[in-house]
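These figures come from a predicted structure and were not determined experimentally.
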Amino acid sequence: MKPRAIISFVSRIDTWRSVHVSDRMFVLFLAFLVGLLSAVAAYVLHWLINQVVALLTGGFDATSFNLLYLVYPVVGILLTMLFVRYVVKDNISHGITRILYAISQNRSRLKAHNTWSSVVASAITIGFGGSVGAEAPIVLTGSAIGSNLGKLFRQDSRTLMLLVGCGAAGAIAGIFKAPIAGLVFTLEVLMIDLTMASLMPILVSCVTATCFTYIFSGDAALFTFHLDDSWTVQRIPACVLLGIFCGLVSLYFIRAMGFCEGIFARFKDKPLVKLVIGGSVLSLLIFLFPSLFGEGYNSIDLLLNGKGEADWGQILNNSLFAGQEQLLVVYVGLVLLTKVFATSATNGGGGCGGTFAPSLFVGCFSGFLFSRLWNIYEVGVHVPEKNFALMGMAGVMSGVMHAPLTGIFLIAELTGGYSLFLPLMIVSVCSYLTIIIFEPHSIYGARLAKEGKLITHHTDHAVLTLMQLDSVIDRDYMAVEADTELGNIVHRISRSHGSVIPVLDAAGCLLGEIDIKRIRHVVFRIELYHHFTAAQLMQEPSAVLTDSQPMTQVMETFDATHADHLPVVDAEGHLKGYLSREHVFTQYRRMVADMSED
């Protein structure tokens with residue numbers, strides 16, 4: 001069926017739906033579709049990754065190192081880079097940040113290729129050993145599915161935002177079989193307010209994605225965990241200290257990631273240089289520490305289910321440390337420190353993946369390292385390493401993502417570890433309280449927060465962030481040149497609906513403006529019409545806005561200057577139009593009313 005025929009068919013369905021189905025019921029139906037398609041995308045991605053990994057590493061000898069670890073990651077990054085450069089022809093990195101940007105700056109509209117491109121790219125990257133996660137690409141895919149379904153059925157921006165949230169929630173719920181975690185992830189990370197209008201669609205998407213994931217892959221959890229040692233009150237000090245430790249590890253994770261991204265940003269226009277640097281670093285790290293190969297979920301399973309040195313020592317397999325269990329703590333510490341560099345090298349070199357799985361990986365290793373050292377040096381009451389490895393996953397995720405509820409519910413649902421719910425809460429809250437001292441925004445929101453483009457739960461800030469400066473500019477103005485005589489200016493005033501007349505040069509750049517109220521004493525004196533020019537009558541505006549400024553700064557400028565109108569120019573100084581305080585506040589009140597509706 002041709003695209004035009006598809007559009008016509010969808011249009012007929014939409015016309016029938018508008019008559020026979022209420023808007024709320026239709027949104028619930030779309031949420032169901034989004035949840036289903038998100039589950040399918042998650043299943044397909046993990047199946048592709050498993051097939052590639054089995055093909056490449058199925059014959060490796062576990063008792064020694066393998067030189068192919070030096071080759072596979074570079075090949076994977078190269079193939080991904082070529083796919084993105086010549087097939088997708090668009091930037092698909094930073095999946096969750098891209099969603100946040102679409103919500104705040106692009107009316108929740110994501111490109112159609114995002115419904116599949118991240119799945120293919122991340123499957124290649126991770127399958128060949130890229131040390132990143134598949135979760136962020138799937139979240140971007142699910143959100144893109146929601147956005148494009150909404151666009152297909154001509155939904156408004158508010159509904160598109162909700163469907164983007166449904167896609168993200170469905171993706172998390174589907175990947176981890178954790179519907180509650182999907183819901184709170186949308187609330188905490190994507191900053192979508194949980195009103196009655198948004199609660200049911202997101203829940204429908206989460207439940208649908210979880211149910212279909214069970215159908216596709218059975219009832220096995222992503223990680224297996226059996227509680228052998230129940231939690232006791234005597235372990236509260238250890239849990240608090242673990243939370244603080246996880247908060248500091250999260251700080252290291254975020255800062256190191258930002259540092260590495262800054263290095264790769266210097267070679268923005270040199271993809272081959274990025275490939276060489278990223279591929280070399282990644283290959284070397286994986287060769288030394290094979291646990292960094294891919295998502296690292298096998299290593300997490302070993303730490304969550306091991307009962308002694310013999311079991312835990314299996315994470316040393318394929319490495320130079322193989323068979324040397326006495327170096328387990330050293331190996332775990334080195335992997336913990338180098339994981340962030342392996343993840344940065346993967347994405348910086350041209351690969352595609354997220355930081356969701358790496359934060360789980362680092363958290364598991366952090367919890368294990370903390371508890372192992374605690375027991376070795378007998379700091380206090382004995383603590384079970386597997387339990388603390390589980391709690392460490394919640395702690396680092398809470399710190400890196402600034403999402404303690406997501407960390408608590410995800411780990412509890414993921415492993416069935418509800419009997420550890422209280423210690424999970426303690427560790428997650430302590431980690432979050434530690435990280436916010438140093439980092440006010442999550443790893444996903446930091447980039448947008450610096451530009452003033454991050455949506456928050458603060459209604460006033462959220463409305464101003466969602467408001468597009470370009471949409472409230474008045475471009476209907478009467479301009480004059482500097483040598484225009486007063487007579488011609490009066491003629492322009494008679495046709496102008498504004499209170500100021502901008503004065504421009506030949507290139508259209510703003511020189512100044514004439515306030516009509518200030519020249520009333522000469523407007524009606526015909527004998528002066530040839531004695532004054534615009535250059536003599538104009539004055540500097542109270543302030544000049546640029547079209548790249550966020551609305552929060554625009555409102556601060558209005559408050560500081562008490563002006564009723566302010567000019568807006570582009571980067572070259574060309575006048576784009578005027579911004580009216582009254583118009584901005586009218587739009588603001590309308591958006592607040594829309595956001596307040598249940």
Side-chain angles (χ1 to χ4, degrees), residues 2-3 6 37 40-42 44-53 55-56 68-99 101-102 106 109-145 147-148 151 167 171 260-283 286 293-295 342-355 357 447:
K2 295 182 179 180
I6 294 175
L37 295 174
V40 171
V44 169
L45 176 55
H46 280 292
W47 181 84
L48 288 173
I49 292 173
N50 291 334
Q51 294 303 308
V52 176
V53 171
L55 179 65
L56 297 180
L68 286 176
Y69 278 132
L70 292 170
V71 179
Y72 286 156
V74 179
V75 174
I77 293 177
L78 175 61
L79 292 176
T80 303
M81 185 181 70
L82 294 174
F83 170 76
V84 173
R85 188 177 183 88
Y86 295 106
V87 179
V88 180
K89 300 178 181 178
D90 189 21
N91 184 6
I92 58 174
S93 61
H94 300 307
I96 295 177
T97 302
R98 195 160 296 279
I99 298 170
Y101 181 85
N106 200 30
R109 295 173 179 270
L110 288 160
K111 295 180 180 179
H113 72 73
N114 288 130
T115 59
W116 60 270
S117 56
S118 294
V119 171
V120 177
S122 58
I124 298 171
T125 300
I126 299 170
F128 277 82
S131 194
V132 288
E135 291 75 22
I138 285 297
V139 171
L140 175 59
T141 299
S143 296
I145 290 171
S147 177
N148 283 277
K151 287 191 293 183
C260 294
E261 287 183 353
I263 292 177
F264 282 104
R266 299 175 187 174
F267 307 102
K268 182 178 180 181
D269 299 322
K270 299 178 180 179
L272 291 180
V273 175
K274 292 169 60 176
L275 173 64
V276 171
I277 296 175
S280 300
V281 171
L282 179 61
S283 295
I286 290 178
F293 188 91
E295 296 172 290
T343 300
S344 299
T346 303
N347 284 330
C352 177
T355 56
R447 303 179 189 91

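- From I286, atom CD1 reaches atom OG1 of T346 across 6.5 Å, with rounding to the nearest 0.5 Å.
- Checked against side chain to side chain contact (heavy atoms under 4.5 Å, CB included), A144 has the following partners two or more places apart in sequence or in another chain: L110, N114, T115, N148.
- The side chain to side chain contact (heavy atoms under 4.5 Å, CB included) search around V276 returns S280, not counting sequence neighbours.
- Every residue meeting the side chain to side chain contact (heavy atoms under 4.5 Å, CB included) condition with T355, not counting sequence neighbours, appears here in chain and number order: F253, M257, T343, I443, Y444.
- The shortest distance between side-chain heavy atoms of V88 and F83 falls below 4.5 Å.
- L56 and F128 get closest at one heavy-atom pair: CD1-CD2, 3.6 Å.
- When all heavy atoms of A357 and G133 are compared, the pair lying nearest together is CB-CA, 3.4 Å.
- Here salt bridge (charged side-chain N to carboxylate O under 4.0 Å, His left out) pairs that include residues 110-124, with residues two or more places apart or in two chains, are D90-K111.
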Show me the donor-acceptor pairs within less than 3.5 Å that the side chains of residues 117-125 make with the rest of the protein, sequence neighbours left out.
unit_1	atom_1	unit_2	atom_2	d
S117	OG	H113	O	2.7
S117	OG	H113	ND1	3.0
S122	OG	S118	O	2.6
S122	OG	V119	O	3.4
T125	OG1	T80	OG1	2.8
T125	OG1	A121	O	3.0
T125	OG1	C352	N	3.0

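- The structure places CG of L282 at 10.0 Å from CG of L70, a figure rounded to the nearest 0.5 Å.
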Let me have the donor-acceptor pairs involving side chains of residues 265-273, under 3.5 Å, with sequence neighbours excluded, atom names and distances please.
none

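- In terms of modelled atom types and a separation under 3.5 Å, the side chain of N347 and the main chain of G354 share no donor-acceptor contact.
- Between the side chain of S147 and the backbone N or O of S143, no donor-acceptor pair lies under 3.5 Å.
- Atom-to-atom distance recorded for F293:CZ and I126:CD1 is 11.0 Å, nearest 0.5 angstrom.
- The minimum heavy-atom distance linking V53 with G127 is given by the pair CG2-O, 3.7 Å.
- Atom CG of L45 and atom OG1 of T141 lie 7.5 Å apart (nearest 0.5 Å).
- What you find for H46 and A134 is that their closest heavy atoms are CE1-CB, 4.3 Å.
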